[in-house]
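Scroll down for the structure; my scribbles are underneath it.
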Amino acid sequence: MTFDVERARRETPGCAEVVHFNNAGSALPPTIVTDTVVDYLRHEALIGGYEAAAEANDRLTAVYASAARLLGAEPDDIALTDNATRSWQAVFYALPFKSGDRILTSRAEYASNAIAYLQVARRTGAVVEVVGDDESGQLDVEDLKRRVDGDVKLIAVSHVPTQGGLVNPAEEIGAVAEAAGIPFLLDACQSAGQVDLDVTRLKCDALSATGRKYLRGPRGTGFLYVRPSLRERLEPAMLDLHSASWTAPEEYEVDPTAKRFEVWERDFAAVFGLGAAIDYALEWGLPAIEERVAALAATLRARLTDVGAQVHDVGAKKCGIVTFSVKGTPAAAIKARLAEANINTSISSRTSAQFDFTARDLPDMVRASVHYYNTEDEIDLLVRQVEKL
């Protein structure tokens, strides 16, 4: 499959300014996203915030439709939020737990999610269990099956972790959860925009995502999918006059759609920028994006290994995140050297993924996350800097 990299770079002004390998942090936006945000803000400044929002109601409806199309869902299944963590929390904290209930998660789980599990466990007496990994380093589906019983009230997994290129076997996990009648909450923060997602295929009951990473949208945007069969039995921990209606002095009704997980106030410019980013990704096609990103990451892993760096990515399937270290050189020093060469990367540390770092005794790692607008020439630049170390 051919990919028009020249067009992608031409439509991404940041490509002329920096070598950006921090797409798992916040990707460079295409011009259409920036223009959408700025144009709306200018219009809002001229006619008023409420007035601009009322005028743009059809555009807002279209954002729900675009997010639904990205996931193979229905617009009523989508909530728009200000980030992926808020999306995830809206579902997690609406779930009832009691003493003895079990929460099953993956070894690769992200800090924000793990902290939430531990907090609820302290409050309620629920138990957090980390499912083992198989020989490839991904979640062991057979171990998951062995752990499932009537006390398991949630299976919650990060699809792609913050600390490596692993893609957990979400479809197989979803099949186990569905067969057992256990809610399955999938954190797609790092996979949305680089992996082709379909909630029917994934069999997840809820999925959280962000705009700023691989979707290339604005910061402060996110969205949430919630299957009707789950949301109809969940009342969010927090409600307002948008997520519910005050129907009588002592009565209220929760919105029947996924909007029950939203709040009234939002950054409309950012929301429309998110819609533009999703539409832009859909225009390229997620299968094509996934193929391009995975190929670039595989090239980067091979080149880093060739020059003596230790690559720490595991899993039967890998994506665009590459984590590595250089013996004798701290990750912070590597990141600083790369920054001097105008190359953006980030650092993955133990505090972001305690289960995984502890189990594998990982050092702080440099995270270089590629996107489809990156090139092999840019990979060469990064590798040459690492080789000098």
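Both Tyr214 and Val63 are members of a single hydrophobic cluster when ILVMFWY side chains are connected at heavy-atom separations under 4.5 Å. Each of Leu166 and Val370 belongs to its own hydrophobic cluster when Ile, Leu, Val, Met, Phe, Trp and Tyr are linked at side-chain heavy-atom distances under 4.5 angstrom.
Salt-bridge formation is not detected for the pair Asp39/Arg42: no Lys NZ or Arg NE/NH1/NH2 atom is positioned less than 4.0 Å from an Asp or Glu carboxylate oxygen.
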Item to check | Evaluation steps, side chain to side chain contact (heavy atoms under 4.5 Å, CB included), between Asp313 and Val322 | outcome: CA-CA 6 Å; Asp313 302 326; Val322 179; 3.8 Å; yes
Next on the checklist: Does Asp361 form a side chain to side chain contact (heavy atoms under 4.5 Å, CB included) with Arg350? I'd like the steps, not just the answer.
Outcome noted: CA-CA 9 Å; Asp361 193 24; Arg350 185 175 294 266; 3.9 Å; yes
Next on the checklist: Could you walk me through whether Arg292 and Trp284 satisfy the side chain to side chain contact (heavy atoms under 4.5 Å, CB included) test, starting with their C-alpha distance in whole Å, then the side-chain angles of each, then the deciding distance to 0.1 Å, before giving a yes or no?
Outcome noted: CA-CA 11 Å; Arg292 167 78 181 167; Trp284 285 101; over 6 Å; no
Checklist entry - Between Phe184 and Glu178, does a side chain to side chain contact (heavy atoms under 4.5 Å, CB included) hold up when you go through it step by step? => result CA-CA 8 Å; Phe184 174 33; Glu178 184 178 68; over 6 Å; no
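For the pair Thr323 (side chain) and Gln163 (backbone), a donor-acceptor distance under 3.5 Å is present. Side chain of Asp143 to main chain of Gly132: a donor-acceptor pair is present (N/O by atom type, distance under 3.5 Å, no hydrogens or angles). Using modelled atom types, one side-chain atom of Glu109 and one backbone atom of Ser158 make a donor-acceptor pair closer than 3.5 Å. Looking at Arg201, its side chain never comes within 3.5 Å of a backbone N or O of Gly72 through a donor-acceptor pair. Thr257 places a side-chain N or O within 3.5 Å of a backbone atom of Lys259 that can act as its donor or acceptor partner. No donor-acceptor pair closer than 3.5 Å links the side chain of Arg123 to the backbone N or O of Phe97. The closest donor-acceptor contact from the side chain of Arg107 to the backbone of Asp356 lies at 3.5 Å or more, if one exists at all.
Between the side chains of Tyr373 and Glu378, no donor N or O sits under 3.5 Å from an acceptor N or O. Gln190 and Tyr110 share no side-chain donor-acceptor pair at under 3.5 Å. Judged by distance alone, the side chains of Arg212 and Ser26 never bring a donor and an acceptor atom under 3.5 Å apart. Residues Thr12 and Arg216 bring a donor and an acceptor atom of their side chains to less than 3.5 Å of each other. Side-chain atoms of Asp255 and Ser243 form no donor-acceptor pair, as typed in the model, at a separation below 3.5 Å.
The nearest pair of heavy atoms linking Glu262 to Asp240 is O-OD1, 4.1 Å. The two residues Ser66 and Leu282 make their nearest non-hydrogen contact at O-CD1, 3.9 Å.
To the nearest 0.5 Å, atom OG of residue Ser369 and atom CD1 of residue Ile321 are 6.0 Å apart.
Ring planes of Trp264 and Tyr50: perpendicular class, angle over 60° (limits at 30 and 60°).
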